[in-house]
Amino acid sequence: MELIVLGCSGSGAGPTSPASGYLVRTRETTLVMDLGNGTFGPLQRHMDPFDLDALVLSHLHPDHCADVSGFVVHRRYHPDGPGKVLPLHGPSESEVRLAVAYAPSSDERVATDLTDVFDYHVFADGPARIGDIALSSEPVDHPCEAYGVRLEHQGRTLVYSGDTGPCRGLVELASRADVLLCEATWTDSPDRPPGVHLSGTQAGRAAREAGVKRLLITHVPAWYDGEDLLTEAREQFDGPAELVRPDAHYTI
């Protein structure tokens with residue numbers, strides 16, 4: 001598998017990066033995990049959006065799904081459209097949430113229907129396959145319904161934390177993964193609210209407890225220095241660890 005970072009800024013787009021979005025592809029299959037603010041533009045640099053095989057949304061905060069509306073417009077109105085109906089894997093309210101985001105007014109909100117673009121699959125229904133990639137998920141600790149995602153292909157495993165506070169679900173999902181793409185949103189402090197995000201320390205600890213081979217830190221907000229969070233993570237995890245960058249490519 002190959003991982004390409006479309007955006008990695010936490011809580012919204014930053015001055016040097018869009019919000020969360022990650023392109024994953026094999027020789028046969030291409031999917032996107034999250035499509036936050038500003039990520040649809042970089043997606044078009046890397047591929048034709050009509051060639052996408054699935055969209056996977058870890059949760060429904062705007063910094064992880066705001067560009068879905070632009071994606072819908074592209075699929076509906078581009079001269080090459082509308083294209084095939086695309087599988088969308090996500091939380092239980094994905095269909096309603098994305099329709100509300102797309103509707104331009106309260107009057108149209110009731111009638112807005114995106115099923116000409118998306119075939120909705122909810123994580124609660126269990127594991128799924130997207131082409132030659134096996135997808136599984138686990139609820140994680142965040143203020144809304146949120147999931148970590150595990151992708152497996154030919155014996156290699158990529159786990160994406162989504163947004164989460166420390167939880168056993170993430171550690172179990174990431175067990176023995178080749179790569180853990182893990183959020184770290186703030187520096188470690190006892191004053192941080194529980195059940196929202198991970199510090200660099202907590203991300204490193206999760207990677208160590210899960211026994212992953214490699215840690216990629218993401219979701220760093222513009223107001224934090226990612227190097228500080230990476231330093232914290234490395235104090236807990238002695239394997240390879242680095243900060244992801246927009247447009248960076250990683251072989252899983």
Side-chain angles (χ1 to χ4, degrees), residues 6-13 18-24 29-44 46-78 80-131 133 135-140 142-149 151 160-164 183 218-219:
L6 304 177
C8 53
S9 179
S11 302
S20 293
Y22 310 94
L23 175 62
V24 178
T29 304
T30 306
L31 63 85
V32 165
M33 297 189 298
D34 289 347
L35 202 61
N37 318 54
T39 54
F40 184 54
L43 175 64
Q44 295 172 77
H46 294 287
M47 66 171 296
D48 184 338
F50 286 103
D51 292 336
L52 195 64
D53 294 304
L55 178 60
V56 178
L57 299 179
S58 66
H59 67 291
L60 300 174
H61 277 148
D63 60 318
H64 294 258
C65 69
D67 270 21
V68 172
S69 292
F71 181 81
V72 170
V73 170
H74 186 94
R75 300 275 296 202
R76 280 180 167 173
Y77 300 112
H78 191 283
D80 294 337
K84 63 186 178 183
V85 176
L86 192 71
L88 188 152
H89 299 261
S92 60
E93 294 188 5
S94 296
E95 183 173 358
V96 173
R97 170 72 174 88
L98 298 175
V100 169
Y102 184 83
S105 68
S106 58
D107 289 340
E108 292 190 33
R109 184 172 61 191
V110 176
T112 295
D113 180 5
L114 304 183
T115 56
D116 61 314
V117 180
F118 298 124
D119 177 21
Y120 294 96
H121 303 263
V122 298
F123 288 134
D125 287 344
R129 289 202 69 85
I130 302 170
I133 297 175
L135 179 151
S136 55
S137 62
E138 186 71 26
V140 292
H142 201 53
C144 65
E145 182 185 356
Y147 294 82
V149 175
L151 303 178
Y160 171 45
S161 68
D163 280 7
T164 182
E183 74 119 286
T218 190
H219 200 268

Quick check: do [X] and [Y] have side-chain heavy atoms less than 4.5 Å from each other?
| X | Y | result |
| --- | --- | --- |
| Y22 | C8 | yes |
| D63 | D163 | yes |
| L114 | Y120 | yes |
| V32 | F71 | no |

Check your understanding: If you look only at pairs with a residue in residues 85-108, which of them pass as a salt bridge (charged side-chain N to carboxylate O under 4.0 Å, His left out), with sequence neighbours excluded?
Key -> none
Point to revise | Residues forming a side-chain hydrogen bond (donor to acceptor under 3.5 Å, both in side chains) with H78, sequence neighbours excluded | key: none
Looking at every heavy atom in both [X] and [Y], which two are closest together, and how far apart are they?
| X | Y | result |
| --- | --- | --- |
| D67 | F40 | OD2-N, 2.9 Å |
| G12 | A19 | C-CB, 3.8 Å |
| P42 | P18 | CG-CG, 3.9 Å |
| H61 | C144 | CE1-SG, 3.8 Å |

Tell me every residue that passes side-chain contact (heavy atoms from CB on, under 4.5 Å) with [X], counting only those two or more places apart in sequence or in another chain.
| X | value |
| --- | --- |
| E145 | P91, S92, Y147 |
| P87 | A54, H89, H121 |
| D51 | M47, D48 |
| V117 | V72, R75, R76 |

Practice item. Dump the intermediate steps for side chain to side chain contact (heavy atoms under 4.5 Å, CB included) on L60 and S94, then the final yes or no. Key: CA-CA 7 Å; L60 300 174; S94 296; 3.9 Å; yes
To the nearest 0.5 Å, what is the distance between [atom1] ([X]) and [atom2] ([Y])?
| X | Y | atom1 | atom2 | result |
| --- | --- | --- | --- | --- |
| D34 | Y160 | CG | OH | 3.5 Å |
| S20 | N37 | OG | CG | 9.0 Å |
| T29 | R129 | OG1 | CZ | 8.5 Å |

Point to revise | Intermediate values then yes/no, side chain to side chain contact (heavy atoms under 4.5 Å, CB included), I133 and D53 | key: CA-CA 11 Å; I133 297 175; D53 294 304; over 6 Å; no
Would you say [X]'s side chain and [Y]'s backbone share a donor-acceptor pair under 3.5 angstrom?
| X | Y | answer |
| --- | --- | --- |
| Q44 | P49 | no |
| D113 | T115 | yes |
| T39 | L6 | no |

Exercise for review: Starting from the C-alpha separation in whole Å, work towards a yes-or-no answer on side chain to side chain contact (heavy atoms under 4.5 Å, CB included) for Y102 and V73.
Suggested key: CA-CA 9 Å; Y102 184 83; V73 170; 3.8 Å; yes
**Study point:** Reference residue L88; test side-chain contact (heavy atoms from CB on, under 4.5 Å); the match among V56, L57, D119
**Key:** L57
Point to revise | Whether H64 and H59 hold their rings parallel, tilted or perpendicular, with breakpoints at 30° and 60° | key: tilted
